[in-house]
*Asks:* 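Dropping the structure in here first, questions after.
None of these values were measured; they are calculated from a predicted model. Reminder, nothing fancy here: chain letters follow the sequence lines and each chain counts from 1.
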Number of protein chains: 2
Amino acid sequence: MATQWPAPDDRTGREPLSVVDRIKQYILVNRLSPGDPMPTENELSDQLAVSRSRIREAMKTLSALDIVEVRHGYGTFVGTLSLTGLAESLAFRGMLTSHRDKHFLADLIDLRELLEIDWAPLIVERLDVDTRAAMRSLATAMVDLAAQGREFPAEDRQFHQLLVSMSGNALVGQLLDVFWQVHSLVDDTIGPPTHLEETAQAHHAIIDAIESGSPGELEAAIRRHYEPIRDRMRRSAGTD
Amino acid sequence: MATQWPAPDDRTGREPLSVVDRIKQYILVNRLSPGDPMPTENELSDQLAVSRSRIREAMKTLSALDIVEVRHGYGTFVGTLSLTGLAESLAFRGMLTSHRDKHFLADLIDLRELLEIDWAPLIVERLDVDTRAAMRSLATAMVDLAAQGREFPAEDRQFHQLLVSMSGNALVGQLLDVFWQVHSLVDDTIGPPTHLEETAQAHHAIIDAIESGSPGELEAAIRRHYEPIRDRMRRSAGTD
DNA sequence: CCGCATTTGTCCGTATGTATA
DNA sequence: CTATACATACGGACAAATGCG
């Protein structure tokens, strides 16, 4: 097998590594990639010379951060290092603090707007016709659903994913998607949806601005998109 | 005590909530705040009617996200909902992918620069004399240390914390601090420090720009601050 | 479709280490 | 220093899920 393990002691006077850190070291030293199989819990228990309980508790920590992915009855694998942990943490923070202060949700919206606006010049420059067409049809679907009084979370999420996909910065795309999820989740807790038609139309306006070729217009369109959302937030602050 | 628990079954046809979710519900329903004490593991074991092993594994998940904080031999408390989980996750991603591609570190630096520049107008407008003086003395300390060939991580981190503290957006401050930590950690793995004096001086230039009162100059100074960092990254890409 | 081996999920009992009062 | 409450750790047993012959 020739699996490599870090030296058990390197006598540098440090305290011994935690089980979590030793498992992380294992992944790093063996240069595993997301999806690669990990040793079974019993193997880890033997090789690290700790009980299976401890291995399992360490695995819980690691899977919460998507460093490993555990499949019941099948095995454990290196995780995809996604930001699901951040999403859970922020969502809970929103739930816990939303009725005390609105700072969190306001900060979140500001951050979404800010990051999308940052890429406006690049988006105007790079956006290809296929992506634009996909965004247009999503916007049309949103308007249709809004006319029926229905919400359109899936379309909205995908629209914003496409919008920032041109940035070339994968980290920003993942972060914005997390922020969308958290915003959507917290927003559901402050009452039934409002501004449906207005928000749906705002997405058409964003594509219009892109087609105009002016970064300034795109920035303005993005700002207008977030206005009804801020308005809804301000109103909810009074009724709570 | 009159602690409230969510109804064990709400017969809406959903699958039963996980232990993790039931503990989260407990915190929400009882409106606990960070620092408030949680029931002991034995109490939770009794009240949720599951074994202590499961409680402990759930606690590991929750503490990884800083939703609870466990103090050995003392008790468990509601966590501070910090972003330590994100820091760990991103740090590991950096370790795992840094020798394959440099996109991650590049994206991280771009994001740091972008977010700091976003607040440049506000910073120029709001920064008070006390904060400015603190930043100036930090910059001086950095130059001194650089002259001795020593690094200055603590000073650098605090400088950037102060820089964005004027934004009024706590979330951005926390995110940037996480990015600083991750960047610092990954940067250590690509070799001994370089550009010490240049980087230290760049911080003086940032305060100079703030004092000039021009947001444009501040933006330029921030960009210049990140240049040697990008240069170091590009050089390391070849030697790996 | 069935049975089997593998692997993770859950539970219990007990002993140990640690912090607080 | 002692006592108590609490989290940490261990080992074993059985249940549940998955994949495969």
Side-chain angles (χ1 to χ4, degrees), chain A residues 1 3 8-9 14-27 30 32 34-80 84-85 88, chain B residues 1 3 8-9 14-27 30 32 34-80 84-85 88:
Chain A
M1 264 306 230
T3 55
D9 69 332
R14 287 195 299 259
E15 66 207 16
L17 286 175
S18 70
V19 177
V20 167
D21 286 332
R22 290 170 74 190
I23 295 175
K24 285 204 273 191
Q25 291 282 353
Y26 171 86
I27 297 173
N30 292 90
L32 301 186
D36 287 350
M38 292 284 293
T40 69
E41 295 177 351
N42 281 322
E43 286 170 346
L44 284 171
S45 174
D46 290 343
Q47 294 175 352
L48 296 186
V50 295
S51 68
R52 192 161 85 101
S53 330
R54 287 191 71 188
I55 297 291
R56 285 188 55 75
E57 287 173 5
M59 286 303 194
K60 285 291 182 180
T61 297
L62 292 169
S63 70
L65 306 175
D66 201 20
I67 289 176
V68 304
E69 183 192 342
V70 179
R71 285 188 240 170
H72 186 178
Y74 189 39
T76 307
F77 306 84
V78 179
T80 57
T84 55
E88 274 199 61
Chain B
M1 259 311 235
T3 55
D9 69 331
R14 290 196 298 259
E15 67 207 15
L17 286 174
S18 70
V19 176
V20 167
D21 286 332
R22 289 171 73 189
I23 295 175
K24 285 204 272 191
Q25 291 283 355
Y26 171 85
I27 298 173
N30 291 90
L32 301 185
D36 287 349
M38 292 284 293
T40 68
E41 294 179 350
N42 279 323
E43 286 171 345
L44 285 171
S45 175
D46 291 342
Q47 295 175 351
L48 296 186
V50 295
S51 70
R52 262 198 70 190
S53 327
R54 284 188 73 184
I55 298 290
R56 285 187 57 73
E57 287 175 5
M59 285 304 194
K60 287 289 182 182
T61 297
L62 291 170
S63 71
L65 307 175
D66 200 20
I67 289 176
V68 303
E69 182 191 344
V70 179
R71 283 188 242 171
H72 188 173
Y74 188 38
T76 306
F77 305 83
V78 178
T80 57
T84 54
E88 276 204 53

*Asks:* B:E57 has a side chain; which of D:dC6, D:dC10, C:dT10 sits nearest to it?
*Replies:* C:dT10

*Asks:* Between A:V19 and A:L44, is any pair of side-chain heavy atoms under 4.5 Å apart?
*Replies:* no

*Asks:* To the nearest Å, give me how far apart NZ (B:K60) and P (C:dT8) are.
*Replies:* 19 Å

*Asks:* To the nearest Å, how far apart are A:E41 CD and D:dC10 P?
*Replies:* 14 Å

*Asks:* For residues B:R56 and B:S53, determine if any side-chain heavy atom of one lies less than 4.5 Å from a side-chain heavy atom of the other.
*Replies:* no

*Asks:* Consider the side chain of B:T40, meaning its heavy atoms from C-beta on, and name the nucleotide among D:dA9, D:dC6, C:dT10 that approaches it most closely.
*Replies:* D:dC6

*Asks:* Of all the nucleotides listed (D:dG11, C:dC11, D:dA13), which has the minimum atom distance to the side chain of A:R52?
*Replies:* D:dA13

*Asks:* Atom CE of A:M59 to atom P of C:dT8: distance rounded to whole Å?
*Replies:* 8 Å

*Asks:* List in numerical order all residues of residues 73-80 of chain A for which some heavy atom is under 4.0 Å away from an atom belonging to DNA chain D.
*Replies:* A:G73, A:Y74

*Asks:* Measuring only between side-chain heavy atoms, which start at C-beta, is A:M38 closer than 4.5 Å to A:I27?
*Replies:* yes

*Asks:* Please report, rounded to the nearest Å, how far the C1' atom of C:dT10 is from the CG atom of B:L44.
*Replies:* 17 Å

*Asks:* Looking only at side-chain atoms of B:V70, point me to the closest of D:dC10, C:dT8, D:dA7.
*Replies:* D:dA7

*Asks:* On the side chain of A:R71, is there an atom forming a donor-acceptor pair with the base of D:dG19 - under 3.5 Å, no angle test?
*Replies:* no

*Asks:* Can you tell me the distance, in whole Å, between the CG atom of A:N42 and the C1' atom of D:dG12?
*Replies:* 12 Å

*Asks:* Are the side chain of B:S45 and the backbone N or O of B:V50 linked by a donor-acceptor pair below 3.5 Å?
*Replies:* yes

*Asks:* One pair to check against side chain to side chain contact (heavy atoms under 4.5 Å, CB included): B:M59 and B:I55. What are the steps and the verdict?
*Replies:* CA-CA 6 Å; B:M59 285 304 194; B:I55 298 290; 4.3 Å; yes

*Asks:* Below 4.5 Å, heavy atoms only, C-beta onward: do A:K24 and A:V20 meet side chain to side chain?
*Replies:* yes

*Asks:* In terms of the nearest nucleotide of DNA chain D, which residue is placed more toward the 5' end: A:V50 or B:E43?
*Replies:* B:E43

*Asks:* Mind calculating the distance between CG (A:D46) and P (D:dC10) to the nearest angstrom?
*Replies:* 13 Å

*Asks:* I'd like to know if A:H72 reaches the base of C:dT8 with its side chain, counting only an N/O donor and acceptor under 3.5 Å.
*Replies:* yes

*Asks:* Would you mind classifying the nucleic acid contact of B:S53 as base, sugar-phosphate or nothing, using non-hydrogen atoms under 4.0 angstrom?
*Replies:* base

*Asks:* Take atom CZ of B:R56 and atom P of D:dC10, then tell me their distance rounded to the nearest Å.
*Replies:* 11 Å

*Asks:* Could you state the CZ-C1' distance from A:R54 to D:dA7, rounded to the nearest angstrom?
*Replies:* 13 Å

*Asks:* Determine whether A:L48 and A:I23 make a side-chain contact, defined as any pair of heavy atoms from C-beta on separated by less than 4.5 Å.
*Replies:* yes

